[in-house]
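The next block holds one structure in the form of structure tokens; read it before the comments.
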Amino acid sequence: MIDIDIKNSRPNADEIEITTIGAGTSAGESIVVHLTNDRWMVVDSCMLDGEVLPLYYLRKREIDPLKVVYIVCTHWHKDHIQGLSKLLSECKNARLALPSVFNQNSVFKAVFTEERSKYSPIAKELGTCLDILDSRTDEVLRRPKYLNADKEVCSYTINGIGVVVNSLSPSDVMKEKYDKMLANSTLQQMADNDMDTNMCSVVINIFVDDERLNIMLGADLECNRSDEKALGCSGCCKANSAIGWCNIIIDSEKYKNHHIYHYLKTSHHSSINGYCPSMMDNRIKKDKTIITTTLFENNADVRLPQDDMLSQYLSKCDYYYITSDRPKPKRIKDGKSDIENQRHKTVESIKVDTPQCGIITTRYDVTSGKMISHELFGSARSVDSELISAYRI
Amino acid sequence: MKTKDTFNSEYYTLRRRLFESLYIDDTQEQQNLETDTEDAIERDKTLSLIKRLSDVENEQKETRVFPSKYAISSIHTSSIRVWKGSILSIDADSFSARLVEATGSYKPRVVSIKKTVVNRLDWADFFHIGHEFDWVFKDVWRNGGRTTDNEIRFSPTPRFLDYEVEKYVNDKMKRFSYMMTNDD
């Protein structure tokens with residue numbers, strides 16, 4: 001059972017609050033945003049110990065799920081989609097926003113087919129979400145909103161100051177590419193192949209008038225390059241402007257209108273693939289930007305962020321936070337009971353680690369654009385030299 | 001009237017004699033039958049006596065007490081009815097399923113089954129629409145005592161027929177066509 005001591009202090013009407021939630025080694029992330037005036041938005045969903053973490057957070061803060069106006073599914077990877085249907089069923093006033101890539105016959109058909117005929121947790125989760133939407137009576141709420149590059153999600157005015165939520169990706173080209181790829185593959189296989197589905201990720205940008213506040217939530221968007229070229233990819237953006245970060249850097253009008261980012265939830269768990277040098281060099285200010293990231297570990301020994309990327313991101317800003325440190329795996333000792341002896345015959349060794357939930361909450365005043373508070377709960381930690389050296393072991 | 005102990009003593013003596021006569025080597029038994037028909041007549045008498053004694057003992061059998069104070073030496077089961085099921089919908093506490101009896105002796109039916117019959121650890125893997133399972137009703141024999149039990153066994157993958165999947169997809173595509181527009 002998760003039990004995190006979260007202070008129950010509600011943001012004021014004129015405050016924007018961003019909460020990055022990480023499920024530790026359970027590999028999942030979610031972001032809960034207060035969009036002023038008790039309107040909330042949830043970006044992605046994840047689970048830990050059977051709890052849908054964004055719902056757990058809302059419950060702990062005594063926030064009514066009916067106050068959630070948007071649920072954004074950035075893309076359909078397991079670590080971003082778990083518990084989405086439960087979240088959608090609880091947040092009855094929330095409109096579901098999906099990447100525009102979803103809005104084509106082939107994807108709908110793949111969802112329904114795999115839901116019925118294959119082992120596809122992704123299709124089942126998406127299919128259940130569609131069923132929930134279909135059961136609604138409100139004509140607007142029962143249709144998904146499809147997000148693509150430079151599309152407005154919603155906008156509000158508070159004290160005469162405009163707050164606009166935009167999506168910066170995916171591009172139309174990605175939609176065609178995805179359609180072609182899906183013809184030779186299944187939704188589940190596409191989801192298992194990180195690159196294809198990550199390139200469809202919706203990147204959310206929250207912008208407050210007059211550059212007061214600029215927030216970027218990077219999802220899992222990647223750069224269109226191989227790892228070898230990681231930190232020196234200048235020049236490839238123009239050639240690959242149709243997809244990934246290159247699309248945002250070169251083609252996005254919304255991005256061009258904005259300048260320094262005050263808050264960045266790094267893309268793809270601060271990995272080398274999600275690192276866009278152009279954006280990091282030009283839009284991140286060392287003493288102004290807060291960067292947050294979540295942990296990702298899977299059974300195939302993939303661990304994000306990679307060791308050296310923690311240092312790389314830390315070199316760009318003074319405030320870098322991670323939702324969980326990498327927990328030290330424990331080895332189960334061999335025992336003498338019959339069951340343990342039987343297990344020993346089959347399994348050489350078993351390691352367990354305790355998934356940890358970490359929450360990073362940052363609150364900004366809309367009028368002044370200044371940060372009011374910054375709090376870490378659960379296993380969330382500040383990234384420093386001590387954490388980096390321990391992380392490498 | 002004979003006491004229970006007397007019955008037991010006679011019963012087990014006769015049973016041992018029967019066992020010895022039944023499990024004798026086939027060839028030898030054949031020879032014995034050919035040469036000595038009296039043994040066969042004796043065996044028939046023994047069998048009928050055992051049956052009579054067994055009937056009397058069953059009449060006097062005391063109510064069984066659980067848990068048994070004797071160690072279980074053997075268990076065997078026999079299926080008495082098997083339903084083939086397929087999940088149609090899943091609710092909070094139950095799921096509805098279409099059941100077809102394996103031998104075709106009963107008409108197919110749709111039932112609602114409590115979720116608790118399935119191990120909670122298996123929920124994530126098995127509770128999906130279309131997933132198939134066998135619902136087996138069986139007799140379980142332990143040391144000669146019989147109890148009836150039932151068990152739901154889920155198959156590892158759903159097995160919808162191709163035309164069923166096609167029909168499902170076509171229906172869904174029609175129903176959800178209003179979502180495939182981009183009007184805002």
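By convention in this document, chain letters (A, B, ...) are assigned in the order of the sequence lines, proteins followed by strands, and residues within each chain are numbered from 1.
For A:Lys109, the NZ atom sits in a loose shell: 12 or fewer heavy atoms of surrounding residues, nucleotides or ligands are nearer than 6.0 Å. Within a 6.0 Å radius of CG in B:Asp162, other residues, nucleotides and ligands contribute 12 heavy atoms or fewer. Applying the 6.0 Å contact sphere to NZ of B:Lys167 captures no more than 12 heavy atoms from other residues, nucleotides or ligands. Around atom NZ of A:Lys86, no more than 12 heavy atoms belonging to other residues, nucleotides or ligands sit under 6.0 Å away. Annotation: A:Lys177, atom NZ; neighbour count of heavy atoms from other residues, nucleotides and ligands within 6.0 Å does not exceed 12.
When all heavy atoms are compared, the tightest approach of B:Thr181 to A:Tyr146 is O-CE1, 3.5 Å.
With A:Phe112 as the aromatic partner, B:Arg175 does not meet the cation-pi criteria of under 6.0 angstrom to the ring centre and within 45 degrees of the ring axis.
For the atom pair CE of B:Met179 and CZ of A:Phe108, the computed distance is 6.5 Å after rounding to the nearest 0.5 Å. Put simply, NZ on B:Lys172 and CG on A:Leu130 are 7.5 Å apart, with the number rounded to the nearest 0.5 Å.
Contacts of A:Asn103 with chain B are made by side-chain atoms alone, with heavy-atom separations under 4.5 Å and no backbone atom involved.
A heavy-atom distance below 4.5 Å is found between the side chains of A:Asp131 and B:Phe176. B:Met180 is not listed as a side-chain neighbour of A:Gln104, based on a closest heavy-atom distance of 4.5 Å or more.
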